[in-house]
Amino acid sequence: MDKYWKDFDWKELKIIRDFFQIQENGTMPEGSKLLLEAMKPVLIEAGQDIVSVGNSPEDGMYIILEGRANVLTAENALINELAEGDVVGELALIKDGVRKATVRAVTPVVCANISRNLFLEIADANHRVYAALLELLYTKTTMMVTERERLKSEIEIASRIQTGFLPKSFERFCKLPHVQITARMKPAKGVGGDFYDVFLIDESRLCFLVADVSGKGVPAALFMTLAKTHIKNYMMLDIPVAKVAELVNNRLNEDNEEELFVTAFICLLDTGTNRLSFVNAGHNKPFICRRGEGFSMLDCKVNFVLGMMEDVSYQEQSIDLLPGDCICLYTDGVTEAFNPDGEMFSDQGMENTLNHNIDKAFAPEVLIEEIYREVADFSREEPQSDDITVVYLAR
């Protein structure tokens with residue numbers, strides 16, 4: 001360990017340069033220099049605690065120089081992950097009490113450590129050391145805030161990119177005979193896993209779909225982009241919908257290390273024959289309305305999800321969707337919306353909402369607005385737990 005400390009060029013760690021205000025020529029404030037020079041190397045083996053919850057803080061502060069560690073609650077729940085440059089227990093140098101969390105080495109961890117007693121001894125002799133520690137705490141807090149702002153900005157950009165992939169205008173599709181269609185997606189987080197798509201195969205055939213990727217956040221959004229791209233690319237090859245699902249499933253299985261999957265309801269409407277062909281890959285069954293007689297759940301078979309298992313067979317199903325009929329696709333963010341009493345909006349709630357608004361069945365934009373409003377009224381300010389997506393077509 002002494003050889004390691006002698007050979008290790010700690011000045012190359014950017015976070016240590018920032019914390020101790022080390023200049024390019026190696027100089028730093030006197031208090032910072034005294035504090036850094038008092039630190040000693042410590043090796044913690046994988047699985048051992050750097051600090052333990054409930055213990056005395058007399059061992060002071062650690063700066064991780066190499067390795068990774070987890071921050072855990074008293075119940076061993078993971079709070080955070082630490083790595084090179086992170087600081088552990090800095091408040092223990094100046095604050096009485098016990099450790100509030102455990103920091104456990106995931107790999108062998110090399111730390112620079114200063115005990116509480118040694119810090120107080122040095123600080124009493126030179127009060128600039130106190131100033132150096134306060135500066136360290138201020139710098140760490142500032143860096144955390146800056147990092148949060150950076151992440152927030154990146155998530156906002158990712159959200160704009162994601163929503164940019166989704167169709168916003170549906171006018172050209174509504175020029176098809178007896179077609180009025182619209183769609184909307186409201187993510188639960190900055191970026192979500194739900195998606196929809198609407199596009200023409202040719203002058204008389206329209207593809208529309210809704211899908212839901214397992215998981216949340218940026219990984220789900222990236223997987224969503226892959227799934228959406230594959231579905232459209234294969235649909236444009238003019239092959240049966242069931243074959244499209246099979247090919248997309250196999251593509252999504254390639255290098256899927258995160259083991260994400262997609263539920264999807266993929267439709268192909270031939271406006272010349274009024275035939276609607278579809279595949280249900282593990283998704284919620286849509287609601288259908290025949291000539292204004294009321295909405296009910298479509299009776300259809302549910303196949304396996306996309307992306308979880310290779311070489312799955314999918315069944316293409318079909319119905320007539322005639323002028324005067326309507327169909328509503330959605331994700332489980334609608335039916336599984338919760339209110340403060342722990343109640344779900346449910347399939348019945350969705351069916352009731354559609355039938356309460358049957359007079360708006362041929363005004364898709366108005367009807368979708370009512371769906372979102374009724375879900376919001378039901379939730380009563382309860383935080384949205386999942387993405388909410390609806391695709392609605394009236395003939």
Side-chain angles (χ1 to χ4, degrees), residues 158-159 161-168 170 173 181-189 191-199 201 206-236 241-254 256 258-269 276-287 298 300-309 312 314-317 327-337 350 368 371 385-393:
S159 179
I161 292 172
Q162 179 195 21
T163 55
F165 279 108
L166 305 178
K168 301 296 187 301
F170 304 92
F173 309 123
I181 188 168
T182 192
R184 184 182 302 181
M185 191 270 283
K186 182 183 178 184
K189 297 185 177 181
V191 287
D194 278 13
F195 67 94
Y196 64 83
D197 207 352
V198 182
F199 55 90
I201 303 298
L206 177 70
C207 179
F208 59 99
L209 61 105
V210 69
D212 184 1
V213 178
S214 62
K216 301 288 186 296
V218 174
L222 292 172
F223 203 70
M224 173 276 275
T225 304
L226 281 175
K228 180 178 178 297
T229 301
H230 289 325
I231 292 172
K232 185 170 185 177
N233 286 345
Y234 284 122
M235 285 297 299
M236 293 304 294
V241 182
K243 186 64 176 178
V244 168
E246 180 183 331
L247 293 170
V248 170
N249 174 63
N250 285 341
R251 288 299 300 273
L252 292 177
N253 268 282
E254 296 174 2
N256 184 9
E258 297 299 320
E259 297 184 345
L260 297 173
F261 62 88
V262 182
T263 70
F265 201 97
I266 308 170
C267 297
L268 179 63
L269 174 64
L276 180 73
S277 303
F278 59 89
V279 164
N280 185 348
H283 200 77
N284 302 73
K285 296 179 181 180
F287 285 92
L298 178 65
C300 62
K301 294 182 179 179
V302 182
N303 295 154
F304 203 59
V305 300
L306 304 172
M308 184 171 285
M309 184 185 302
V312 174
Y314 292 86
Q315 180 180 358
E316 182 169 316
Q317 304 171 73
I327 188 167
C328 182
L329 315 183
Y330 58 97
T331 60
D332 59 11
V334 179
T335 54
E336 295 180 9
M350 181 63 167
I368 275 193
I371 293 171
S385 61
D386 201 357
D387 307 333
I388 297 176
T389 305
V390 180
V391 178
Y392 186 85
L393 184 144

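It should be emphasised that the depicted structure is a prediction, and the values quoted were computed from it without experimental measurement.
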Rounded to the nearest 0.5 Å, what separates atom [atom1] in [X] from atom [atom2] in [Y]?
X: Thr225; Y: His230; atom1: OG1; atom2: NE2; answer: 10.5 Å
X: Leu209; Y: His283; atom1: CG; atom2: NE2; answer: 9.5 Å
X: Tyr196; Y: Phe208; atom1: OH; atom2: CZ; answer: 14.5 Å
X: Leu306; Y: Glu246; atom1: CG; atom2: CD; answer: 11.0 Å
X: Gln315; Y: Phe278; atom1: CD; atom2: CZ; answer: 9.0 Å
X: Ile388; Y: Met185; atom1: CD1; atom2: CE; answer: 11.0 Å

In the structure I gave you, are the side-chain heavy atoms of [X] and [Y] within less than 4.5 Å of one another anywhere?
X: Val210; Y: Thr331; result: yes
X: Phe195; Y: Thr389; result: no
X: Asn280; Y: Leu298; result: no
X: Cys300; Y: Phe265; result: yes
X: Asp197; Y: Pro167; result: yes

- Leu252: which of Val213, Leu226, Leu247 passes side-chain contact (heavy atoms from CB on, under 4.5 Å):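 The residue from Val213, Leu226, Leu247 that satisfies side-chain contact (heavy atoms from CB on, under 4.5 Å) with Leu252 turns out to be Leu226.
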
Looking only at heavy atoms, which two atoms of [X] and [Y] are closest? And how far apart?
X: Glu316; Y: Val279; answer: CA-CG2, 4.0 Å
X: Ala211; Y: Val262; answer: CB-CG1, 3.8 Å
X: Val302; Y: Gly282; answer: CG1-CA, 3.5 Å
X: Val390; Y: Val334; answer: CG2-CG2, 4.1 Å
X: Asn249; Y: Met309; answer: ND2-O, 2.7 Å

List for me each residue that meets side-chain contact (heavy atoms from CB on, under 4.5 Å) alongside [X], sequence neighbours excluded, and say none if there are none.
X: Val305; result: Phe261, Thr263, Met308
X: Met235; result: Phe199, Ile201, Cys207, Ile231, Val241, Val244, Ile266, Leu268
X: Asp332; result: Asp212, Asn284, Thr335, Glu336, Asp386

So does [Y] get a backbone contact from the side chain of [X], meaning a donor-acceptor N/O pair under 3.5 Å?
X: Asn256; Y: Gly307; answer: yes
X: Tyr330; Y: Lys285; answer: yes
X: Asn303; Y: Tyr314; answer: no
X: Gln317; Y: Lys301; answer: yes

